[in-house]
Amino acid sequence: MSTAPTTSVLQVQDLAFAYPGQPALASGWSTSLGPGLILLHGDTGSGKSTLLRLMAGALPASRGRLTLAGLRLDQDAEAYGRQLFFIDPATDAFDKISARACIASLSPQGQPAEASALAALIEGFGLAPHLDKAMYMLSTGSRRKVWLAAALASTRPLTLLDEPAGALDAASIRCLWRAVDALARQPGCAVVVASSERLAGLRLAATIELPLEG
C-alpha cells in the first residue's frame with residue numbers, strides 16, 4: 001500500500017481470511033487508513049468485494065482486529081457499524097420500500113442526510129422522478145444511484161464503495177466522482193473505492209493493491 005497516512009480512521013491489525021478450499025485473501029495483513037480517497041485496486045475476482053465486507057464487519061475474519069474511529073469491531077459491532085457506510089450492490093433488502101424511504105433509512109443514526117448535498121446528488125443522478133417508486137421497480141443503475149446518494153450526502157468516518165460507477169450513465173458518473181472527491185476532502189472522512197480501474201484524475205490518499213502482501 002502506498003502513502004502512509006498520518007491520522008488513522010481505520011486500523012487493520014493481523015487480518016486473516018480465506019474461503020474454504022480457496023487461497024487466502026489475507027494472512028496477517030495490517031494497515032492504517034487515514035482520511036481521503038483510497039483506491040482498492042485489483043482484477044475481477046481478486047477479492048475486492050470480500051475485503052470491503054471484512055472492513056464493514058459484514059463478513060467475519062478468521063483473525064485480526066479492526067478499529068474504526070476508535071471503536072473496535074470485536075468489542076461493539078453495532079457502534080462500529082454506525083461509523084461507516086456499506087451496501088452490497090446485490091442486496092434486495094430495500095426492495096419493498098420507496099427510494100425516498102431507502103435514503104432516509106440509510107442516513108446516519110436515523111437523521112436526515114445533509115440537505116444541500118443530498119439535493120445536489122438527487123439532481124445530478126436524475127433521481128427526482130423515481131423517489132416515490134419502490135426500489136424493486138428501479139433499474140440496477142437507479143438503485144445504485146439511490147445508495148450512492150445516501151452514502152455521499154453524509155460524512156461518516158468511513159465510506160466503502162464497491163465499483164460505484166457500474167451501471168451508471170455518463171452524466172451520473174461525473175456526478176459520482178465530484179461527490180466522492182468532495183466527501184474525501186471532509187476532515188476525518190475516508191472513502192475506499194473498490195475498482196478494477198485506476199481512477200485517473202482523482203486525488204488519491206493511498207492505494208491498496210490486491211493480492212495483499214502480509
Side-chain angles (χ1 to χ4, degrees), residues 1-2 5 8-19 22-27 29-69 71-74 77-78 80-94 106 108 140 143-152 154-168 176-177 179-180 183-184 189-199 202 204-214:
M1 174 176 159
S2 64
S8 176
V9 174
L10 176 68
Q11 292 180 313
V12 182
Q13 297 171 281
D14 194 32
L15 184 71
F17 179 81
Y19 286 112
Q22 297 187 20
L25 171 64
S27 54
W29 182 61
S30 297
T31 194
S32 181
L33 303 182
L37 177 57
I38 297 139
L39 170 62
L40 172 55
H41 180 259
D43 294 334
T44 300
S46 61
K48 299 187 298 296
S49 297
T50 298
L51 187 55
L52 287 185
R53 294 181 68 203
L54 288 164
M55 289 179 176
L59 182 66
S62 303
R63 72 167 190 272
R65 177 183 298 174
L66 295 172
T67 305
L68 172 57
L71 297 166
R72 281 177 47 179
L73 175 61
D74 61 322
E78 184 176 346
Y80 180 100
R82 288 196 296 267
Q83 306 304 309
L84 64 89
F85 184 97
F86 173 72
I87 292 290
D88 182 343
T91 185
D92 60 2
F94 305 98
L106 293 171
T140 298
R143 287 197 299 272
R144 188 180 292 265
K145 292 174 190 178
V146 171
W147 299 323
L148 288 170
L152 298 171
S154 63
T155 53
R156 294 172 175 85
L158 181 63
T159 300
L160 304 171
L161 303 177
D162 193 355
E163 297 284 4
L168 298 189
L176 163 69
W177 295 130
V180 165
L183 178 58
C189 291
V191 183
V192 179
V193 174
S195 176
S196 56
E197 304 294 331
R198 285 291 181 181
L199 306 187
L202 292 171
L204 297 178
T207 299
I208 302 170
E209 293 283 357
L210 292 177
L212 298 171
E213 297 182 1

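Hydrogens, waters and symmetry mates are skipped; everything else that's a heavy atom, side chains included, is used.
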Is there a donor-acceptor pair under 3.5 Å between the side chain of T67 and the backbone N or O of R72?
no

Examine distances only and state if a side-chain atom of R144 and a backbone atom of G166 form a donor-acceptor pair shorter than 3.5 Å.
yes

Kindly indicate, with the supporting measurements, whether the criterion side-chain contact (heavy atoms from CB on, under 4.5 Å) is fulfilled by L148 and V146.
CA-CA 5 Å; L148 288 170; V146 171; over 6 Å; no

Using every non-hydrogen atom in the two residues, find where [X] and [Y] come nearest and quote the distance to one decimal.
X	Y	result
V9	G34	CG2-C, 3.8 Å
A61	F17	CA-CD1, 4.2 Å
L68	L10	CB-CD1, 4.0 Å
R198	L39	O-CD2, 3.8 Å
A18	P23	CB-O, 4.1 Å
L152	A179	CD1-CB, 3.7 Å

Could you work out, with side chain to side chain contact (heavy atoms under 4.5 Å, CB included) as the rule, every residue matching A93, not counting sequence neighbours?
T91

Suppose we screen for side chain to side chain contact (heavy atoms under 4.5 Å, CB included). Which residues come up paired with E197, at least two apart in sequence or across chains?
S195

If you round to the nearest 0.5 Å, how far is [atom2] of [Y] from [atom1] of [X]?
X	Y	atom1	atom2	result
L15	R65	CG	CZ	12.5 Å
T207	L204	OG1	CG	5.0 Å
L37	W177	CG	CH2	7.5 Å
L54	L59	CG	CG	4.5 Å
L161	F85	CG	CZ	7.5 Å

Which pairs of donor and acceptor atoms, one on a side chain in residues 45-53, lie under 3.5 Å apart (sequence neighbours left out)?
unit_1: S46; atom_1: OG; unit_2: D43; atom_2: N; d: 3.4
unit_1: S46; atom_1: OG; unit_2: D43; atom_2: O; d: 2.6
unit_1: K48; atom_1: NZ; unit_2: G42; atom_2: O; d: 3.0
unit_1: K48; atom_1: NZ; unit_2: D43; atom_2: O; d: 3.1
unit_1: S49; atom_1: OG; unit_2: D162; atom_2: OD1; d: 3.4
unit_1: S49; atom_1: OG; unit_2: D162; atom_2: OD2; d: 2.6
unit_1: T50; atom_1: OG1; unit_2: Y19; atom_2: OH; d: 3.3

How far apart are the C-alpha atoms of L33 and M55, what are their side-chain angles, what is the distance that settles it, and do they pass the side-chain contact (heavy atoms from CB on, under 4.5 Å) test?
CA-CA 11 Å; L33 303 182; M55 289 179 176; 4.1 Å; yes

Contact between I208 and W29 at the side-chain level, heavy atoms closer than 4.5 Å - yes or no?
yes

Applying side-chain contact (heavy atoms from CB on, under 4.5 Å) to H41 and E209, what does each step give before you reach the verdict?
CA-CA 5 Å; H41 180 259; E209 293 283 357; 3.0 Å; yes

Between T159, V191, L176, which is the residue that forms a side chain to side chain contact (heavy atoms under 4.5 Å, CB included) with P164?
L176

Worked check of side-chain contact (heavy atoms from CB on, under 4.5 Å) between Q83 and L158
CA-CA 6 Å; Q83 306 304 309; L158 181 63; over 6 Å; no

What I want to check is whether the side chains of S32 and S8 have a donor and an acceptor closer together than 3.5 Å.
yes

